[in-house]
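Contents: one structure, followed by commentary.
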Amino acid sequence: MKYPRLDIDCIKIHHNAQFLITQLSLKNISVTPVTKVFLGHPIIARYLLDAGATMLADSRIENFQKMTEAGISVSKILIRTPMLSQISSVLKHCDLSFNTEVQVVQRLSDIARQQNINHDIIILVELGDLREGIMPNRVIDFVRDIISLPNITIKGIGANLACRYGIAPDHQNMNVLSDLADEIEATFGISLEIISGGNSASIHWALNHTARTRINNLRIGEAIFLGCEPLEHENIKGLHTDAVSLTAEVIESNIKPTLPWGIRGFNAFGEKESLQDRGLVSQAILALGRQDVCVSGLKAPKGLRIVSSTSDHLILETSGRPLFVGETVTFSLDYTALLSSMSSRYIYKYFKAL
Ligand SMILES: *Cc1c(COP(=O)(O)O)cnc(C)c1O
């Protein structure tokens, strides 16, 4: 075995995807799984498709490229609005992109026309989280500006919440999106196929709302992979919460004082935490560090406490028996920890599959 290692249970991920696709379809809401946290890994993509997904979403062209090379020929949605400098590859590797800038849609149209292909877009609306999206009172003008552009089809509208400020999807903001869909259709005589109401943070709203809504799609990553919803970090009933775990190996185990000695400045990361003398403690060092994972997103098993980390070392205190050298410790991960460890080339990834 090689460490540090990220274990990914594809069967549990498959269950979670299938469960959410089924539950949300009862509410007439389709699920577009978001593969970015797994860097568009083809194994994950295949399990998501097998679970019933008909489209996949990602924020990176490179991830779509990888899927295409692996022979995955599903509809691909780019959920980060395109850079002007990447328009050709957007057209080459994605079927649909999210958009908020007239200039970008114009360029998509220009190049699509040169290549004699069509490109679908979803217009993103700002609903209060203040990341991407057109202000609601500007959306009609935006549509007017782009509606006659050749080789572009407006497939729908959407919004993203809960990412920058943790703004929750609710009756009010979801209605703004829903009403805008009606207004665009009435104003321009077009029909909008996809009204995309957000990410994992929208699941709770989607499963519990009762009023009429036009929202018929969610883009979901975190809930499928971690089984929890991001706003309150609550587990979602019916989902596995242990599909991924990270295991690292102990390289030193010792009894050490809690207070350092010598003249003290800032540490290697410009930090200087205040310290308390707790006497001698049983301390273990794991071969895992900030270059591998966002340490604040790791949860240690019972009896172990993460007390510090540097580039290559994770320091644990053990309250029960001391750890021994060569022993391994397995952590659970939050979204940030999963994202960082998937992105680290130093972490070995093991996909448990059928
Ligand atoms: C990452 C992302 C998602 C998926 O978010 P989760 O919280 O993982 O469900 C959805 N939409 C957009 C625009 C994203 O960037």
Side-chain angles (χ1 to χ4, degrees), residues 8 13 16-17 19-21 23-24 29-41 44-45 48 51 53 55-64 75-83 90 94 96-101 104 121-134 155-169 173-174 177 194-207 215-236 239 241 243-244 294 297 333-343:
I8 302 138
I13 288 171
N16 287 0
F19 184 91
L20 286 170
I21 289 170
Q23 293 298 308
L24 286 163
I29 292 178
S30 66
V31 171
T32 306
V34 177
T35 50
K36 68 185 178 212
V37 77
F38 281 111
L39 322 185
H41 203 293
I44 297 290
L48 294 169
M55 298 178 278
L56 293 176
D58 206 291
S59 51
R60 313 278 171 157
I61 301 282
E62 292 83 350
N63 295 349
F64 285 137
S75 239
K76 300 181 180 78
I77 302 184
L78 184 67
I79 53 176
R80 182 172 69 185
T81 55
M83 296 181 250
V90 171
C94 315
L96 187 158
S97 61
F98 282 13
N99 280 277
T100 60
E101 290 283 349
V104 172
I121 64 162
I122 282 181
I123 299 168
L124 283 191
V125 180
E126 175 61 65
L127 293 181
D129 201 50
L130 301 183
R131 203 178 69 181
E132 74 276 48
I134 297 156
K155 269 278 178 189
I157 61 173
N160 195 68
L161 286 167
C163 279
R164 181 175 169 196
Y165 284 116
I167 298 300
N173 51 34
M174 290 293 101
L177 191 65
I194 300 173
I195 316 297
S196 189
N199 52 40
S200 293
S202 294
I203 293 173
H204 186 73
W205 169 84
L207 292 175
I215 285 150
N216 62 7
N217 173 265
L218 296 183
R219 303 137 354 232
I220 300 181
E222 179 162 357
I224 292 177
F225 304 126
L226 299 178
C228 83
E229 75 84 45
L231 282 167
E232 304 299 333
H233 302 289
E234 276 165 5
N235 294 344
I236 298 173
L239 299 186
T241 55
V244 292
C294 177
L333 300 88
D334 72 4
Y335 192 81
T336 326
L338 178 56
L339 187 64
S340 50
S341 52
M342 269 308 297
S343 306

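Note that ligands are numbered from 1 as they come in the structure, with each ligand's atoms numbered from 1 the same way.
- Atom CD of Glu101 has 12 or fewer neighbouring heavy atoms from other residues, nucleotides or ligands inside a 6.0 Å radius.
- Ser30 and Asn217 share a side-chain donor-acceptor pair at under 3.5 Å.
- Residues satisfying the side-chain contact (heavy atoms from CB on, under 4.5 Å) test with Ser343, not counting sequence neighbours, are Leu39.
- Each of Val34, Lys36, Ile79, Arg131, Glu132, Asn160, Asn199, Ser200, Arg219, Ile220, Gly221, Glu222, Tyr335 has a non-hydrogen atom positioned under 4.0 Å from some atom of ligand 1.
- Each of Leu20, Val34, Leu218, Ile220 was scored for a side-chain contact (heavy atoms from CB on, under 4.5 Å) with Ser200, with one residue passing: Ile220.
- Thr100 places no side-chain N or O within donor-acceptor distance of the main-chain N or O of Val125, the cut-off being under 3.5 Å.
- Across all their heavy atoms, Leu333 and Leu226 have their closest contact at O-CD2, 3.8 Å.
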